[in-house]
Amino acid sequence: MSDGSTRVSYRSCALCEASCGLELTLDGDRVLKVRGDAADVFSHGFICPKGASIGSLHHDPDRLRMPLRRGPDGSLAECGWEEAFAAVADGLGRVQAAHGRDAVAMYTGNPGAHALALALYGRVLAKALGTRNLYTASTVDQFPKMYASALMFGAPLSVAVPDLDRTDFLLLIGANPWASNGSLMTAPDTRGRLRALRRRGGRLIVIDPRRTQTATAADRHHFIRPGTDALALFALVQVILAEGRSDLGRLAPMVNGLEALDELAAPFTPEAVAPHTGIPAADLRALARELADAPSAAVYGRFGTSTQSFGTVASWLIDVLNILTGNLDTPGGAMFPWPAVGHAGSKGPAGSGRGARPPRFHSRVRGQAEILGELPAACLAEEIDTPGEGRVRALITLAGNPVLSLPNGDRLDAALGDLEFMVSVDFYLNETTRHADVILPVPSPLEKAHYELIIAGFSIRDVAHYSPATLPRPDGMPEEDETLLRLSAIAAGLGADADPGAVDAAIALGLTERESATSGSPAHGLDPEAILAALAPRTGAERMLDLMLRTGPYGLGFPELDAPGPGETCLAHLEAHPHGVDYGPLRPHLPEILRTPSGRIELAPAPILADLPRLRARLTGPAPGPDGELLMIGRRDLRSNNSWMHNLDKLVDGPLRCRLQIHPADAARAGIADGDPVTVRSRVGAITAPAQVTDAIMPGVLSLPHGWGHGRDDTRQRVANAHPGVNLNVLSDDLELEPLTGTAVLCGVPVRVTRAAVTPA
Ligand SMILES: Nc1nc2c(c(=O)[nH]1)N[C@H]1C(S)=C(S)[C@@H](COP(=O)(O)OP(=O)(O)OC[C@H]3O[C@@H](n4cnc5c(=O)[nH]c(N)nc54)[C@H](O)[C@@H]3O)O[C@H]1N2
Ligand SMILES: Nc1nc2c(c(=O)[nH]1)N[C@H]1C(S)=C(S)[C@@H](COP(=O)(O)OP(=O)(O)OC[C@H]3O[C@@H](n4cnc5c(=O)[nH]c(N)nc54)[C@H](O)[C@@H]3O)O[C@H]1N2
Ligand code: SF4
Ligand SMILES: [Mo]
């Protein structure tokens, strides 16, 4: 409603990891304008087309404001909130009673890493469900990096990020921050920061099977054959060691396993790996020398080095290089962020810990190991569609669209149609949620409070931002944390009518008890009830966040209880600083951050060594010939957000984006011209898309963007359905997993192409 006057409001953008500050101009509850917040302490006014569309997302008429429930005629129709929760209690209760707790699976998608309520209460729900069938998008994304970090530093979230603003040399491998705005590297305006790196005389080298925009802006770009990054990285290690160029500096006394590396690296000479990777030996040798000689340097890999056949080994080698060159935990190198809520990988006594733990159970159908508390998402479809004891019969999806994001999408699509019950917490009726019996929408990004609880742990500068809700929620719609609490109560058998406030109070008391028992915390020894009183009247996610901030490294503590902390940070302090609070550039944290049992950095962890025979076999196997198999990779686009921002006109207009990139030599061999419809087949499926013949892709490699494949008439996404594209994951194989983490091999899917007879729609 307009009240005739406009106002300006600030908040940080939760759409990707860059966390930019936004300046919104509003008239009543209408968003008139969205700009970058020039006063933001970190993004300084930067904004991308997605952030600029947050008003359109908020006002999108297709975005759900009321729950949907499947009626007797099989169609989804709006219903009241109480009716929706009662239907969930009935559906989940029936499946749990008939088939047991493991029969209910849960899948959490990418916004689970951004949304405060999901980050805090998703695990409450998982615990209440008591199921082994927990899945997330992490096993189609970053788990290899997290597992390598757990093995080397002792905790999965101890991920070192490039010190972008100070480094002299950056090797980017399998990442395209020009489009993605950075990942496991929170750096608003990555492009501007990379330009600044080159302006100050630094060098940027990119290794990618595509000449991306990031590559075009670099000093040098090398094509690499998908899936061979571990070979190329090992060659850099080999040269640095063989030429005596390694210098660990202050890390030397903190490292275990250095002596094993010479022998491990020996077979991977630049000459041996060149025919496999496609990078000439001389280039690899020169790169190794430049990296070792740079005054400061960082090696950074992302999606392309993670979601592939040697994802964990490649992720490990990236930090081996950072360590051998003396650049880990050093300004200008790769460093550990120190977020205001406390570093998630550094709980408990400093310097050593339990380290990575072995898997506690295996999946039912293919016996795949559990990883970091969950099962590989690529196993979800078979756990639903394979009959037998322990079969998944119900599914909860939180903020995910697995039909488009998991491998063998068509199999999962069919499996979801076969469930006894499904509930989705999401604000779109999309390719996945169309299978749900109940959809529970959540407030729009402008209707809820925001704090990047997880992502701030990957920030290239220590900063904190908190944004309260900008606009009120629709009448009757619960906060996202309340919805999750109600689902948790239902999962625990307390029914749809349990008081979410009482459940939350019990959880909060448990947390304050734990904090009171934590030595070193400002809350140590305080009466848990007194802590709760100090946090009042906040409840839910905000109460938990305030507790974490007050007891964090810059925290206010509890001065009202005579227990001050080291700083001023608390939720009220962040509320008073809408442009963010800056704690400065990253600082060294070794050895305190280590949580390995040895209290040292493990340079040669046993599980990684166990995968090296497979890599050596790769080296001695045949190298690809000029007309060898074609390998499919994905790509991202600045105006997409995985599968879900295609319903906004401004983000989908312009030239068709879901096109198959193919090198002219491969196109000529298959008789394909630019614009021709091409059918691509893999072991599991086939799709047809128009060709884009371009030498920006390496010969032997094809690329399609992921997240497309809309156009179902039982979804409610009018704009997306008018720009459907095809689902890349119809091609990726649910049986091809990286062995150490069960992460799907999405980069480098073997395919064949033929010119199709008909033009795709
Ligand atoms: N082939 C191939 N496959 C890929 C990738 C690839 O590059 N290639 N990328 C992979 C990666 S890195 C990822 S992270 C996954 C993503 O996989 P998913 O997370 O499964 O998919 P998204 O498209 O991110 O879907 C997010 C959903 O959350 C909803 N949503 C948005 N915000 C919120 C919120 O605040 N709360 C709730 N409850 N819902 C919300 C949206 O409506 C949407 O339905 O895909 C993976 N799949
Ligand atoms: N605009 C936009 N931004 C996003 C997203 C989005 O969908 N759209 N998604 C967000 C999410 S969930 C994530 S995880 C991040 C991902 O962030 P990034 O990893 O930076 O994003 P990608 O564009 O997937 O970059 C991966 C690059 O790896 C290359 N590649 C593919 N296979 C290989 C290989 O085998 N080896 C090497 N060396 N390279 C390879 C691809 O060509 C691609 O350029 O982006 C986030 N930001
Ligand atoms: S770069 Fe990411 S955080 Fe920044 S405005 Fe765009 S979507 Fe939002
Ligand atoms: Mo992701």
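The model shown is predicted, which means the values in this text are computed figures rather than measured ones. Hydrogens, waters and symmetry mates are skipped; everything else that's a heavy atom, side chains included, is used. Counting starts at 1 for both ligands and their atoms, in listed order.
The shortest contact between atom 9 (N) of ligand 1 and any protein heavy atom is with R636 NH2, 3.1 Å. In this structure, atom 4 (Fe) of ligand 3 lies nearest to the protein heavy atom C20 SG, 2.3 Å. Closest protein heavy atom to atom 1 (S) of ligand 3: N181 ND2, 3.2 Å. Regarding atom 2 (Fe) of ligand 3, its nearest protein heavy-atom neighbour is C16 SG, 2.3 Å. Shortest contact from atom 6 (Fe) of ligand 3 to any protein heavy atom: C48 SG, 2.3 Å. Regarding atom 47 (N) of ligand 1, its nearest protein heavy-atom neighbour is S405 O, 2.8 Å.
Judged by distance alone, with hydrogens and angles left aside, the side-chain atoms of E17 form a donor-acceptor pair with the main-chain N or O of L184 at under 3.5 Å.
Distances from atom 23 (O) of ligand 1 to the heavy atoms of S306, A744, S643 show the closest one on S643.
An N or O contact shorter than 3.5 Å links N176 to ligand 2 by distance. Checking only distances, S180 does come within under 3.5 Å of ligand 2, N or O to N or O. Checking only distances, G182 never comes within under 3.5 Å of ligand 2, N or O to N or O. In terms of polar-atom proximity, P226 is not counted as a contact of ligand 2, lacking any N or O under 3.5 Å from an N or O of the ligand.
Near S640, the atoms of ligand 2 lying under 4.0 angstrom from a non-hydrogen atom of the residue are 1 (N), 2 (C), 6 (C), 7 (O), 8 (N). The T212 neighbourhood of ligand 2 comprises atoms 44 (O), with distances under 4.0 Å to a heavy atom of that residue. Taking a cut-off of under 4.0 Å to the non-hydrogen atoms of D208, the atoms of ligand 2 that pass are 27 (C), 28 (O), 29 (C), 41 (C), 42 (O), 43 (C), 44 (O). For ligand 3 and L15, the ligand atoms under 4.0 Å from any heavy atom of the residue are 7 (S). Using a 4.0 Å cut-off to heavy atoms of V425, the atoms of ligand 1 that qualify are 37 (C), 38 (N), 39 (N).
Coordination check, C13 versus atom 8 (Fe) of ligand 3: passed, since an N/O/S atom of the residue sits under 2.8 Å.
Counting heavy atoms under 4.0 Å from ligand 3, residue S19 touches it through the backbone alone.
Distances shorter than 4.0 angstrom do not occur between any heavy atom of N181 and any atom of ligand 2.
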